[in-house]
Every structure is written in structure tokens, then in C-alpha cells.
Amino acid sequence: QVQLVESGGGLVQAGGSLRLSCAGSKRTFTNYAMGWFRQAPGKEREFVAVTNWSGGNTYYADSVKGRFIISRDNAKNTVYLQMNSLKPEDTAVYYCAGTIGAGTSVAYEYDDWGQGTQVTVSS
């Protein structure tokens, strides 16, 4: 199984930016589509963004489209989520996830998950 470790979360003002990173293992990282999900207290885990194994294709939830950018650097075994124009409703624990299959927006179709990193956006 791929071990994934998120970093880069923190507290920011509305309108600010953060960049999240997720590091995985070199042996299998390039074989996986990688996604970002988030979960606020009392809410279901929701899809944020996904990129295919090469980074050539991306897909975003409507709620973050135009504000967030997912990218990956397979040489560094890392996937990123650049978060711009942050809103209080973006506050959540953000998780990266990998799947050996084609990346989807459905959480249960992912095979490996990180422990999450907290993002808090104040108004």
C-alpha cells in the first residue's frame, strides 16, 4: 500500500492562499491517480480534485473550480493542491488519496489515504 503524508495546512484569512503537499512512495506513486478530498465536522467527506497518473488530466469539484489547482511531481513523489481565494466554507481536514484505477470523485473507490491536514479559513 502507498503511504501518503499531507502537509501545508494552517490558519489563513478569507481570500488568502495555502499550498498543500502530499508525499508518497516512489515505487508505486507514478502508478496511481491522486485525489484530494476534504471533510468538515459533522459533514460527509467530499471530493475536491483529482489528477491522473501523469498529471496530464485534472478534474475539480464545482465548489473549488477556478480557485484550486492540483498538480504533481512524480520525480518527487508528491502531489500538490494550490488553494487560492480561500473562503470560510473551505475549512476542513484535507486528505490526499490514491487509486490504482482511473481517478474518480468517489471516495470509496480510492485505495490509500493520508492522515489529513487541517485547513482553517477565518472570516
Side-chain angles (χ1 to χ4, degrees):
Q1 296 181 343
V2 177
Q3 294 184 342
L4 301 172
V5 180
E6 303 97 337
S7 62
L11 173 65
V12 297
Q13 294 282 343
S17 298
L18 285 173
R19 189 183 74 160
L20 307 183
S21 299
C22 174
S25 61
K26 183 177 180 179
R27 183 174 181 179
T28 58
F29 188 86
T30 57
N31 295 327
Y32 277 65
M34 299 297 299
W36 286 95
F37 293 77
R38 65 188 183 186
Q39 187 167 25
K43 302 292 181 62
E44 296 288 326
R45 187 168 298 187
E46 67 173 336
F47 168 77
V48 175
V50 64
T51 183
N52 75 326
W53 71 271
S54 69
N57 292 305
T58 59
Y59 176 72
Y60 299 89
D62 288 341
S63 60
V64 306
K65 192 176 300 180
R67 299 189 297 121
F68 292 7
I69 302 170
I70 188 171
S71 62
R72 66 193 298 162
D73 186 342
N74 288 343
K76 296 181 178 179
N77 311 314
T78 303
V79 62
Y80 304 96
L81 185 68
Q82 178 65 46
M83 309 165 66
N84 301 315
S85 301
L86 284 162
K87 305 173 181 179
E89 51 262 46
D90 294 319
T91 295
V93 176
Y94 282 70
Y95 300 88
C96 65
T99 176
I100 191 67
T104 74
S105 63
V106 182
Y108 69 77
E109 294 183 351
Y110 284 75
D111 304 299
D112 297 284
W113 294 83
Q115 293 297 307
T117 185
Q118 177 70 48
V119 172
T120 302
V121 184
S122 64
S123 59

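- A continuous path of hydrophobic side-chain contacts links M34 to Y60 [ILVMFWY only; heavy atoms under 4.5 Å].
- A distance-only check finds a donor-acceptor pair linking the side chain of N74 to the backbone of W53 [under 3.5 Å].
- Y80 does not carry R72 over the face of its six-membered ring by the limits of under 6.0 Å from the centre and within 45° of the normal.
- Among all heavy-atom pairs drawn from S21 and T78, the shortest one is CB-CG2, 4.2 Å.
- Less than 6.0 angstrom separates the ring centroid of F47 from the ring centroid of Y59.
- Shown here for Y110 and G35, the closest heavy-atom pair between the two residues is CE2-N, 3.9 Å.
- At distances below 3.5 Å, at least one donor-acceptor pair connects side-chain atoms of E6 with backbone N or O atoms of C96.
- Ring pair Y95/F37: centre-to-centre distance not below 6.0 Å.
- Put simply, the side chain of T117 does not reach to within 4.5 Å of the side chain of R38, judged on heavy atoms.
- The environment of CD in Q115 is sparse: at most 12 heavy-atom neighbours from other residues, nucleotides or ligands sit within 6.0 Å.
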* To do: Using the side chain to side chain contact (heavy atoms under 4.5 Å, CB included) rule, take V79 and I70 through it: C-alpha gap first, then chi angles, then the decisive distance, then the call.
  => CA-CA 7 Å; V79 62; I70 188 171; 3.9 Å; yes

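- Linking ILVMFWY residues whenever their side-chain heavy atoms come closer than 4.5 Å, directly or via other members, places V119 and F68 in the same cluster.
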* To do: Take Q3 and S25, measure what side-chain hydrogen bond (donor to acceptor under 3.5 Å, both in side chains) needs, and give me the verdict at the end.
  => CA-CA 6 Å; Q3 294 184 342; S25 61; over 6 Å; no

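- Contact between V93 and G116 at its shortest, heavy atoms only, is CG1-CA, 3.8 Å.
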* To do: For the pair Y108 and R45, evaluate side chain to side chain contact (heavy atoms under 4.5 Å, CB included) and give the outcome as yes or no after the intermediate values.
  => CA-CA 10 Å; Y108 69 77; R45 187 168 298 187; over 6 Å; no

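- Here the straight-line distance linking atom NZ of K65 with atom OG1 of T58 works out to 10.0 Å at 0.5 Å rounding.
- No side-chain heavy atom of T104 sits under 4.5 Å from any side-chain heavy atom of V50.
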I'd like a table of donor-acceptor pairs (distance under 3.5 Å, sequence neighbours excluded) in which one partner is a side-chain atom from residues 81-89, with atom names and distances.
from: Q82; atom 1: NE2; to: N84; atom 2: OD1; distance (Å): 3.0
from: N84; atom 1: OD1; to: S17; atom 2: OG; distance (Å): 3.0

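- Inter-residue side-chain proximity for L20 and W36 is flagged as met; some heavy-atom pair is nearer than 4.5 Å.
- Placement of V12 and I69 within a single hydrophobic cluster is found when ILVMFWY residues are connected by side-chain heavy-atom separations under 4.5 Å, directly or transitively.
- Atoms CG and CG, from N77 and L4 in turn, are 10.5 Å apart once rounded to the nearest 0.5 Å.
- The nearest pair of heavy atoms linking S123 to A14 is CA-CB, 4.4 Å.
- Using modelled atom types and a 3.5 Å distance limit, the side chains of Y32 and D112 yield a donor-acceptor pair.
- Not a single donor-acceptor pair under 3.5 Å links the side chain of N57 to the backbone N or O of N52.
- When only modelled atom types and interatomic distance are considered, S122 and Q13 share a side-chain donor-acceptor pair under 3.5 Å.
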